[in-house]
Amino acid sequence: MTDTFKKKIPNYLTYLRIIAIPFVIASFYFEQKYWTITGFSLFILASITDYFDGYLARKFKSTSTIGRMLDPIADKLLVAATLLLLAGFGKLGGYGLIAAVIILLREILVSGLREYLSSLQIGLPVTRLAKWKTGFQMCAIPLLIVADITPEQWHVFDIGLYSLCVAACLTIITGYDYLRVGLKHLD
């Protein structure tokens, strides 16, 4: 494997995550179990690429401007699209819907804040707690995707909902932390 190819792998993984999104979306529109499992599997694979693109970028010392820009966008698109579909198809329930709104609002806030700070040449690095938040989201969402095709005694919906609520709580904390840092740089 050439060094040039190795350095491009992280971006290829990000592109794959973006390409997976329409297929995850499409899986909601077919009622067969196969499609639900396909959406579940694609979401998990896309989530795994999120971990590996960062890991490989650091390992191969191949961070790029396009990668720094696209990686968080890919994550937000994947999470936002899937949360909206879960809500639209009635798979979230009351608390799940509140958690989803909190997560989406925070993502918009932090994206705007990052955009503003980048215009000032100031970075807003991802915190360890934000990585935990992402981990809880990436575990909760696929569970909520497959909850209605799993046996009730497995409590898949409950586990997914509780994980999403934990992600929402971490979302509030990390959103506040990012906002506090960003406010120091506002005019």
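Between F136 and W132, the ring planes lie tilted relative to each other; the angle falls in the 30° to 60° range. Using cut-offs of 30° and 60° for the angle between ring planes, the Y29 and F89 rings count as perpendicular.
For the residue pair S64 / N11, a side-chain donor-acceptor distance below 3.5 Å is found, with atom types taken as modelled.
Annotation for I18 and A74: closest pair CG1-CB, 3.6 Å, computed over non-hydrogen atoms. Across all non-hydrogen atoms, the minimal contact from A46 to L78 is CB-CD2, 3.6 Å. The two residues H185 and L120 come nearest to each other via the heavy atoms O-CD1, 3.6 Å. What you find for S163 and A140 is that their closest heavy atoms are CB-CB, 3.5 Å. For the residue pair A130 and T174, the shortest heavy atom distance occurs at N-CG2, 3.6 Å. Residues K131 and V126 share a closest heavy-atom pair of CG-CG1, 3.9 Å.
By the rule that hydrophobic residues join a cluster once side-chain heavy atoms approach within less than 4.5 Å of another member, L105 and L77 end up as members of separate clusters.
Proximity of F28 to I145: side-chain heavy atoms (C-beta onward) are separated by under 4.5 Å at one or more points. Between L83 and L164 there is a side-chain heavy-atom pair separated by less than 4.5 Å. Side-chain atoms of T134 and L170, non-hydrogen and from C-beta on, never get closer than 4.5 Å to each other. K8 places none of its side-chain heavy atoms less than 4.5 Å from the side chain of S62. Counting heavy atoms from C-beta on, the side chains of V24 and T38 never come closer than 4.5 Å. Between L84 and L104, some side-chain heavy-atom pair lies under the 4.5 Å cut-off. Q137 has its side chain within reach of T171: a pair of non-hydrogen atoms, C-beta onward, lies under 4.5 Å apart. The closest side-chain heavy-atom distance from D177 to T127 is not below 4.5 Å.
Taking a 6.0 Å sphere around CZ of R180, one finds it holds more than 12 heavy atoms contributed by other residues, nucleotides or ligands. Other residues, nucleotides and ligands contribute more than 12 heavy atoms inside 6.0 Å of the OH atom of Y178.
Aromatic pair Y95/Y162: ring centres not closer than 6.0 Å.
A donor-acceptor distance shorter than 3.5 angstrom exists from the side chain of S118 to the backbone of E115, with no hydrogens or angles considered.
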